[in-house]
**Student:** 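I have a structure here, written as structure tokens, and I will follow up with some questions on it.
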Amino acid sequence: MQCGRQRVIAGFTRLVYSRLLQGLVPLMNILSELKSRFRIVLSELVEDPAELLSMIRPAQDAKFGDYQANIAMPLGKTLGKPPREIAAEIVGKLDLNDICEAAEIAGPGFINLRLKDDWLVERLNRAVGDERLGVATASDPRTYVLDYSSPNVAKPMHVGHIRSTVIGDALCRTLRYLGHRVISDNHLGDWGTQFGMIIYGYKHFVDQSAYEAAPVPELSRLYKLVNQLVDYHNAQSAFPTLENELRARSAAAESLRNQAPTDDKAAEKKKKKELRKLEEKANEARESIASANAKLAVVTSDSQLCETATQHINIATNVLEETAKLHRGDSENRRLWDEFLPKCRDEIQKLYDRIDIEFDFEYGESFYHERLANVVEEFEKDGLAKESEGAICVFLDGFDAPMIIRKKDGAFLYATTDLATVQFRMQEWCPDAILYVVDHRQGEHFEKFFAAAKLCGYPDVELCHVSFGTVLGDDGKPFKTRSGDTIGLEALLDEAVQRAYTVVSQGDDAKPNGPELGKDERRHIADAVGHGAIKYADLSHNRTSDYVFSYDKMLALTGNTATYLQYSYARVNGIFSKGAVDITKLRDGGAAIQVAERAERALALELLRFSDALADVIEDYRPNQLTSYLFQLTKVFFSFYEQCPVLKADEEKTRNSRLLLCDLTARTISQGLNLLGIKVVERM
RNA sequence: GUCCCUGUAGCUCAGUUGGAUAGAGCAUCGGUCUUCUAAACCGGCGGUCGCAGGUUCGAAUCCUGCCAGGGACGCCA
């Protein structure tokens, strides 16, 4: 089993070292700093100020200041005093003189805070000389195991896999940047029925010369073929049941419709509802029949395929038997698995290389195979699982259906592997949290699995299903090709890069002084832009919601896209080259940021909020908090850039200050995109 | 039948765990280029936050019911 490029440990040490270099005074983000001041006052008023402290946040509107504390209103209730009075009391006791102007009390009791310009400038000047842009590392580092990507090696990856991969990778990078210990573990699907299919296909249908020439495409073909045949036979056997169901539903609906109406309004309403449900069910049955028909048609429309299908009537059970033989240690099947796995894995690696994804460990399902029997035994021994209808089940409070950990035929399941995995991870790494970046449809599985994990001896670890929604096409249905096939990841990336090349070329051709990029550079840029666009689209949407996939939107040069941010970065960079500025020299040469114009101040404040944004990402594992921040930062920057001449500033002091603001902006965009796994280019 | 998620501007989406007049982008309309990349900036239009109740100083956010879409529901992963 391939595993372990011990990068974690090295990265961790590096981080600790860089913290030491920062000096003794720990940096803190603005919000934490404010909260710690409020905490002192609030502890006198309530027992646990934590909840109140979460009500201190950036002001919703600039006219209210920079930050606002909404704590006086809820306190009004608990303390039985008018909120404004409480607000005044808190403000009186608060020691914020070094950070803020005098606090203002507004409306029903809002406390509005405005940061002192001196304080802003002092912070910013520290960030200029700091490799980490003033972002502090966690004062209480935790250990996280991140479980993401986890594709089935035998099946081609599709658009759903990239969402897990990209979100997981972004969380991994962000947590690590903030000083946590992170272990990324790719839980590959390398042991399931899909290998039974390939093995069966190989034994009966392989084109040996094709396999020798290009093994992976041939294995894909075999997978697809066997899958089609299995679908065909399943559809055929399901047909009578489906038709019966349709008949029954239709008849029931018909008789309901023919019932004479009564005067009882409630009964009529109930009848109507019943009827609608029946019609819905009938429609579902119709759809199932249509989909079964489609599966049948795939085979019947092809006479050769048809013949193959009749020759392999028991293919579904035989595939399961091949899988079972593999699991039993059958030498032939094991040999084939050993031969196929690395080939399939290499294919996936090509994609990971393309989109810059690495894992620390890769313990796939097969790694846990020998531990599964023991998991079930332990559950039985501890009285947590019992036999029911031939299967071994864990019955959990609050769930109707049990979690089955061994089938009646003796085989183990996904749930069994998950339990073995959590045991292994706890023993191996002792994490504080394990995050599973998996699509939302598996929500109930995770709820049960987490409940079972708590029962079997891990009550304290934070187990979190970082779920995400479906990627949809323009039609609002799961993103597929017109013919209904899932879209391969490689083709998807190719198209994005190709379209990015067009966008980059058009932009370059339209430059006022003529194009300045060669073909190779355009290609290099298109690579960063195309891949960045795909990743950013996944990350900028709230992960829990579905989103509509659109090349045009994700590659747009305006709006909340990676392309716009990459362009902005390149443009800031363009200022330095235009002015022949050696920015490193300026940074180290004692030049300082000053804040005079309103636009300068707005940019300064936004720059200092970077670490707040990162904290928001971690809070609920939402990378879109970072994309929104970067987009906002960029907008504020362009507003500054429009109003404040940089290279043409009147005085050298102003020019240098503004150059440093540009520099911090560029570095923040670059670092932010880097945490999202997206690259910047120096010009575009 | 049970359970879960979603419903916000014409479109695509945010909305920081109950806060001030609900926000962006796209589209559209109008301004700003002899001046650091106009791939930009500034402004306008656009909303019964699915519907109806309830909780309270205050609701897109919490509760109840309904409507619509999606998903999951004992031997797949």
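All heavy atoms count here, side chains included; hydrogens, waters and symmetry mates do not. Numbers restart at 1 for each chain; the letters A, B, ... are given by sequence-line order, proteins then strands.
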**Student:** What is the separation between atom CZ on A/Arg571 and atom C1' on B/rC36, rounded to the nearest whole Å?
**Tutor:** 9 Å
**Student:** What's A/Gly107 touching, base or sugar-phosphate or nothing? Going by heavy atoms closer than 4.0 Å.
**Tutor:**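 No contact at all - A/Gly107 keeps every heavy atom at 4.0 Å or more from the nucleic acid.
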**Student:** Name all pairs fulfilling the side-chain hydrogen bond (donor to acceptor under 3.5 Å, both in side chains) condition that reach into residues 638-648 of chain A, sequence neighbours left out, sorted by first residue then second.
**Tutor:**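 Pairs touching residues 638-648 of chain A that pass the test: A/Ser639-A/Gln643.
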**Student:** Nearest-Å distance, CG (A/Asp538) to P (B/rC13)?
**Tutor:** 12 Å
**Student:** Among B/rU16, B/rA14, B/rG19, which nucleotide sits nearest the side chain of A/Met73?
**Tutor:**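 Given the options B/rU16, B/rA14, B/rG19, the side chain of A/Met73 is closest to B/rG19.
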**Student:** Knowing that exactly one of A/Phe549, A/Tyr547, A/Phe468 qualifies, which makes a ring pair (Phe, Tyr, Trp, His ring centres under 6.0 Å) with A/His541?
**Tutor:**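 So the option named by the test is A/Tyr547.
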**Student:** If we take the C1' atom in both B/rG50 and B/rA9, what is their distance in whole Å?
**Tutor:** 15 Å
**Student:** Strictly below 4.0 Å, N to O, side chains only: are A/Asp508 and A/Lys511 in salt-bridge contact?
**Tutor:**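 A/Lys511 and A/Asp508: salt-bridged.
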**Student:** What's the CG-C1' distance between A/Leu75 and B/rC57, to the nearest Å?
**Tutor:**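 Atom CG in A/Leu75 sits about 15 Å away from atom C1' in B/rC57.
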**Student:** What interatomic distance, in whole Å, is found between C1' of B/rG47 and the corresponding atom of B/rU21?
**Tutor:** 13 Å
**Student:** So, is B/rU17 syn or anti if syn means the angle is within 90° of 0?
**Tutor:**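 That one's syn.
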**Student:** Tell me whether A/Tyr641 and B/rC36 count as stacked here, given that the ring centres must be under 5.5 Å apart and the planes must differ by less than 30 degrees.
**Tutor:** yes
**Student:** Which dot-bracket string fits RNA chain B when only Watson-Crick or G-U wobble pairs with both atom distances under 3.5 Å count, crossing pairs get [ ], and | stands for a partner on a different strand?
**Tutor:** (((((((..((((.....[...)))).(((((.......))))).....(((((..]....))))))))))))....
**Student:** Syn if the chi torsion is within 90° of 0, anti otherwise; quick check, which is B/rC42?
**Tutor:**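 Classified anti.
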**Student:** Looking at A/Asp66 and A/Arg609, does any basic side-chain N land under 4.0 Å from a carboxylate oxygen?
**Tutor:**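 Answer for the salt bridge query: no.
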**Student:** Where each residue is assigned the nucleotide of RNA chain B containing its nearest heavy atom, which of A/Pro645 and A/Ala510 is assigned the position nearer the 5′ end?
**Tutor:** A/Pro645
**Student:** When you measure from the side chain of A/His327 to the backbone of A/Trp191, do you find a donor-acceptor pair of N or O atoms at a distance under 3.5 Å?
**Tutor:**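 Indeed, once roles are kept as given, a pair shorter than 3.5 Å links the two residues.
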**Student:** When you measure from the side chain of A/Ser639, which nucleotide among B/rG15, B/rC36, B/rC41 comes out closest?
**Tutor:** B/rC41
**Student:** What contact category does A/Pro74 fall into here, base, sugar-phosphate, or nothing, at under 4.0 angstrom with non-hydrogen atoms?
**Tutor:**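 Base contact.
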**Student:** Given the side-chain rings of A/Phe446 and A/Tyr436, with only the six-membered ring counted for Trp, is the space between their centroids under 6.0 Å?
**Tutor:**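 Between A/Tyr436 and A/Phe446, which both carry aromatic rings, the centre distance is below 6.0 Å.
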**Student:** Write down the atom of A/Ala72, the atom of A/Ile86, and the distance for their closest heavy-atom approach.
**Tutor:** O-CD1, 4.2 Å
**Student:** Please answer whether the main-chain N or O of A/Gly107 pairs with a side-chain N or O of A/Arg84 as donor and acceptor at a distance below 3.5 Å.
**Tutor:**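 At least one qualifying donor-acceptor pair exists.
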**Student:** Using the side-chain heavy atoms of A/His541, tell me which of these nucleotides is nearest: B/rA72, B/rA14, B/rU17.
**Tutor:**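 Nucleotide nearest to A/His541's side chain: B/rA14.
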**Student:** Select base, sugar-phosphate, or nothing to describe what A/Asp616 touches, counting heavy atoms under 4.0 Å on all strands.
**Tutor:** nothing
**Student:** Could you tell me whether the side chains of A/Ser550 and A/Asp552 share a donor-acceptor contact shorter than 3.5 Å?
**Tutor:**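 No.
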**Student:** Between the protein and nucleotides 75-77 of chain B, are there any N/O to N/O pairs under 3.5 Å, and if so, what are the atom names and distances?
**Tutor:**
from	atom 1	to	atom 2	distance (Å)
B/rC75	O2	A/Lys408	N	2.8
B/rC75	N4	A/Glu389	O	2.8
B/rC76	OP2	A/Lys407	NZ	2.3
B/rA77	OP2	A/Tyr414	N	3.3
B/rA77	O3'	A/Glu365	OE2	2.8

**Student:** Are more than 12 heavy atoms from other residues, nucleotides or ligands located less than 6.0 Å from atom CG of A/Asp400?
**Tutor:**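 For A/Asp400, atom CG is not crowded (no more than 12 foreign heavy atoms under 6.0 Å).
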**Student:** Between the protein and nucleotides 62-70 of chain B, are there any N/O to N/O pairs under 3.5 Å, and if so, what are the atom names and distances?
**Tutor:**
from	atom 1	to	atom 2	distance (Å)
B/rC67	OP1	A/Arg276	NH2	3.0

**Student:** Could you check A/Phe412 against A/Tyr368 for ring-ring contact (aromatic ring centres under 6.0 Å, His included), going step by step and ending with a plain yes or no?
**Tutor:** CA-CA 11 Å; A/Phe412 304 107; A/Tyr368 297 96; over 10 Å; no
**Student:** Answer yes or no for this row: A/Tyr567 ring on B/rA39 base, centroids under 5.5 Å, planes under 30°.
**Tutor:** yes
**Student:** Which whole number of Å gives the distance between the P atom of B/rG18 and that of B/rU37?
**Tutor:** 47 Å
**Student:** For RNA chain B, determine which residues of residues 654-666 of chain A have any heavy atom closer than 4.0 angstrom to one of its atoms, and list them numerically.
**Tutor:**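 Contacting residues: none.
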**Student:** Send over the distance from A/Lys448 NZ to B/rG74 C1', rounded to a whole Å.
**Tutor:** 8 Å
**Student:** If you assign A/Lys511 and A/Arg622 each to the RNA chain B nucleotide with the nearest heavy atom, which residue ends up on the more 5' nucleotide?
**Tutor:** A/Arg622
**Student:** Would A/Lys386 count as a cation-pi partner of A/Phe395, with NZ or CZ less than 6.0 Å from the six-membered ring centre and within 45° of the ring normal?
**Tutor:** yes
**Student:** B/rC4, OP1 or OP2 - any side-chain N/O from A/Ser467 closer than 4.0 Å?
**Tutor:**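 No, because none of the side-chain N or O atoms of A/Ser467 sits under 4.0 Å from OP1 or OP2 of B/rC4.
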**Student:** Taking the minimum atom-to-atom distance to the side chain of A/Asn542, which one of B/rA40, B/rC36, B/rA14 wins?
**Tutor:**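 The closest nucleotide is B/rA14.
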**Student:** Choose from B/rU12, B/rC36, B/rC41 the nucleotide whose nearest atom is closest to any side-chain atom of A/Val548.
**Tutor:**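 Looking only at side-chain atoms, A/Val548 lies closest to B/rU12.
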**Student:** Within this structure, what is the CZ-to-C1' distance between A/Arg683 and B/rC36, rounded to whole angstrom?
**Tutor:**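 Between C1' of B/rC36 and CZ of A/Arg683: 17 Å.
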**Student:** What are the atom names and distances for every N/O pair under 3.5 Å that joins the protein to nucleotides 21-25 of chain B?
**Tutor:**
from	atom 1	to	atom 2	distance (Å)
B/rU21	O4	A/Lys63	NZ	2.7
B/rA24	O3'	A/Lys635	NZ	3.3
B/rA24	O2'	A/Lys635	NZ	3.4

**Student:** P atom, B/rA40 versus B/rG46: distance in rounded Å?
**Tutor:**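 Looking at atom P only, B/rA40 and B/rG46 are 25 Å apart.
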**Student:** Could you tell me how far B/rG7 sits from B/rC62 if I compare only their P atoms? Round to whole Å.
**Tutor:**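 It works out to 11 Å between them.
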**Student:** Does CD in A/Glu652 sit with more than 12 non-hydrogen atoms of other residues, nucleotides or ligands closer than 6.0 Å?
**Tutor:** no
**Student:** Whole Å only: how far is the CE atom of A/Met554 from the P atom of B/rC26?
**Tutor:** 17 Å
**Student:** Would you call A/Lys635 and A/Glu606 a salt bridge, taking side-chain N to carboxylate O under 4.0 Å as the test?
**Tutor:**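 Salt bridge between A/Lys635 and A/Glu606, a charged N being under 4.0 Å from a carboxylate O: no.
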**Student:** Do A/Leu633 and A/Leu603 come close enough that some side-chain heavy atom pair is under 4.5 Å?
**Tutor:** yes
**Student:** Contact class for A/Asp509 (heavy atom, under 4.0 Å): base, sugar-phosphate, or nothing?
**Tutor:** nothing
**Student:** For the side chain to side chain donor-acceptor pair (under 3.5 Å) test, which of A/Asn560, A/Thr561, A/Thr563 pairs with A/Tyr536?
**Tutor:**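 Only one option passes, and that is A/Asn560.
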**Student:** When the aromatic ring centroids of A/Tyr414 and A/Phe449 are compared, is their separation below 6.0 Å?
**Tutor:** no
**Student:** Run the salt-bridge test on A/Glu600 and A/Arg658 with the 4.0 Å N-O cut-off and return the result as yes or no.
**Tutor:** yes
**Student:** Between A/Asp620 and A/Arg622 (salt bridge meaning N to carboxylate O under 4.0 Å), is one present in this structure?
**Tutor:** yes
**Student:** Just call it for A/Phe110: base, sugar-phosphate, or nothing, with non-hydrogen atoms closer than 4.0 Å on any strand.
**Tutor:**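 Contact class for A/Phe110: base.
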**Student:** Please report the distance, rounded to the nearest Å, between NZ in A/Lys578 and P in B/rA40.
**Tutor:** 19 Å
**Student:** Taking OH from A/Tyr536 and P from B/rC13, how many angstroms apart are they, rounded to a whole number?
**Tutor:**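 From A/Tyr536 OH to B/rC13 P: 15 Å.
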